[in-house]
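First the structure, in the form of structure tokens, and then the observations on it.
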Amino acid sequence: MAKGKEKKDIVEKEFVAFPDVAADVINVLLYKGKSVVNERNLQAGPTEFIYQGGEKLRNEYEDLCKYELKDGRIKLMYLIANQSRTDGKMLLRKAGYTGGAYREQYEKKTRFLYPVIEFVLYWGKSKWEAGRNFRRLFSRKKISEEAWDYIDELKLHVFEMRHLPEEIRSLFQSDMRIVVDFLAEGNSYRSDRKVIHKAALIRMIKALSGETTVEGEVEKWMEEQEIREEDDIKVCELFDQYVRQGRAEGERIGEERGIKKGEKRGKKIGEARRLVLDVENAMNFFRITLEKACEGLGTTLEKYEEAKRSI
């Protein structure tokens, strides 16, 4: 379980780290779709902040850090955290992340002073019910209003990626649009959008669908299908390639059986196996139900079950 979660975290970090995706996420979620941040002005920053805690050196880790540069100077630092589960104490973690970044400025480990913006991309299915401010976090404490006047306000900015409204999703220009639409629309999702980061996108969708064995598998499949990262290919075409792989395998096995049992019998077995593999590849790739896979491929559940029995 821990290894699966770690792989999922790595996949999420890899996908959001692309400059065009990071800039798109910042512009849409923070700036309401305005082109405030240009990907050319984003530079990867440190994700580990080291500080002195008592007699020992301690560290804080963040998933992703991006500097926004202007005229060669750091204008802003963006800290992005990926979360798959709600965390009631995430606000305290944020205090550690942002505090570590400001501590480095205070200790003159950086040349310039700059503000830090930290926000959370939440990929979980349930709604985020955990506290997003100190008043909610400490709601069970009997703290007077006079005391609150002296407690620094800290807010947790959480974006629930599976529950973004369509008007927000439509603002994305990068491959993130494919991801959020897939999460929102589920089985009915279809798109002619061009895919930029093909391997990373497939890994992201598979990881968010609950699959953990994605390392190395995607690249191998792309190589077998002669799909290169620089190729122009749409989401639907990428899916068709995946289905054709199963179709070719079905034809090969059918032909082999045809040689042994006769041309006619082999052809029928090949067609049946092709149908079964097409449906099952659709289920595995898009994580949809058997009924939806049959519907999407223009067949019926009865025909699938009949083909399954015949092979």
TODO: Determine, step by step, whether Leu79 and Leu64 satisfy the side-chain contact (heavy atoms from CB on, under 4.5 Å) criterion, reporting the C-alpha distance in whole Å, the side-chain angles of both residues, the deciding distance to 0.1 Å, and the verdict.
DONE: CA-CA 6 Å; Leu79 297 177; Leu64 190 66; over 6 Å; no
When rounded to the nearest 0.5 angstrom, what distance separates [atom1] in [X] from [atom2] in [Y]?
X	Y	atom1	atom2	answer
Leu92	Leu137	CG	CG	5.0 Å
Ile202	Lys198	CD1	NZ	9.5 Å
Leu171	Met176	CG	CE	13.5 Å
Ile74	Phe112	CD1	CZ	7.0 Å
Tyr97	Cys65	OH	SG	12.5 Å

Open item on the list: Filter on salt bridge (Lys or Arg N to Asp or Glu O under 4.0 Å), then keep only pairs touching residues 156-174, sequence neighbours left out; what's left?
Closed with: Lys127-Glu160, Arg132-Glu160, Arg169-Asp181, Arg169-Glu185
Task: Within residues 14-32 or reaching into it, pairs that qualify as salt bridge (Lys or Arg N to Asp or Glu O under 4.0 Å) - sequence neighbours excluded - done: Glu14-Arg203
Open item on the list: Could you go through Met90 and Trp128, starting from their C-alpha distance and side-chain angles, then the distance that decides it, and tell me whether this counts as side-chain contact (heavy atoms from CB on, under 4.5 Å)?
Closed with: CA-CA 11 Å; Met90 185 69 187; Trp128 184 282; 4.1 Å; yes
So do the side chains of [X] and [Y] get within less than 4.5 Å of each other, counting heavy atoms only?
X	Y	answer
Val116	Gln105	yes
Phe15	Ile10	no
Leu29	Phe172	yes
Lys308	Glu280	yes
Leu121	Ile80	yes
Glu39	Phe18	no
Leu156	Asn133	no
Leu290	Val279	yes

Please tell me whether [X] and [Y] are part of a single hydrophobic cluster in this structure, the criterion being side-chain heavy atoms less than 4.5 Å apart.
X	Y	answer
Met77	Tyr106	no
Leu164	Tyr31	yes
Ile196	Leu42	no

Open item on the list: Does this structure show an ion pair linking Lys155 with Glu118, if we count only N-O contacts that are shorter than 4.0 Å?
Closed with: no
Tell me whether [X] contacts the main-chain N or O of [Y] through its side chain, where contact means a donor paired with an acceptor under 3.5 Å.
X	Y	result
His163	Ala184	no
Lys94	Val120	no
Glu68	Tyr78	no
Asp71	Arg73	no
Lys66	Ala17	yes
Asp231	Ile233	no
Asn27	Gly33	no
Glu291	Leu301	no
Arg193	Gln173	yes

TODO: Report the C-alpha separation of Ser126 and Tyr122 in whole Å, then their side-chain angles, then the decisive distance to 0.1 Å, and conclude whether the side-chain hydrogen bond (donor to acceptor under 3.5 Å, both in side chains) test is met.
DONE: CA-CA 10 Å; Ser126 61; Tyr122 172 58; 3.2 Å; yes
Open item on the list: Is it true that, when you exclude Glu305 itself, more than 12 heavy atoms of the residues, nucleotides or ligands shown sit nearer than 6.0 Å to its CD?
Closed with: yes
TODO: Could you check whether the rings of Phe134 and Phe138 sit parallel, tilted or perpendicular, using 30° and 60° as the cut-offs?
DONE: tilted
Which atom names give the shortest non-hydrogen contact between [X] and [Y], and what distance separates them?
X	Y	value
Lys194	Asp175	O-OD1, 3.8 Å
Asp87	Arg93	OD2-NH1, 3.2 Å
Glu129	Thr86	N-CG2, 4.3 Å
Gly45	Tyr67	CA-CE1, 3.6 Å
Val235	Ser191	CB-O, 3.7 Å
Asn82	Val16	OD1-CG2, 4.1 Å

Task: Candidate pair Asp63 and Lys13, rule salt bridge (charged side-chain N to carboxylate O under 4.0 Å, His left out), full reasoning - done: CA-CA 6 Å; Asp63 287 339; Lys13 293 176 188 178; 3.6 Å; yes
Open item on the list: Under the criterion salt bridge (charged side-chain N to carboxylate O under 4.0 Å, His left out), I'd like the reasoning laid out for Arg135 against Glu145: C-alpha separation, chi angles, the key distance, then a yes or no.
Closed with: CA-CA 11 Å; Arg135 280 185 177 264; Glu145 284 299 320; 3.1 Å; yes
Task: Derivation of the side-chain contact (heavy atoms from CB on, under 4.5 Å) call for Asn41 and Lys70 - done: CA-CA 7 Å; Asn41 296 332; Lys70 183 177 181 181; over 6 Å; no
Task: Trp123 vs Leu183, side-chain contact (heavy atoms from CB on, under 4.5 Å): CA-CA, chis, key distance, verdict - done: CA-CA 9 Å; Trp123 301 100; Leu183 292 176; 3.8 Å; yes
TODO: Sequence neighbours left out, what passes ring pair (Phe, Tyr, Trp, His ring centres under 6.0 Å) with Tyr102? Give chain and number order.
DONE: none
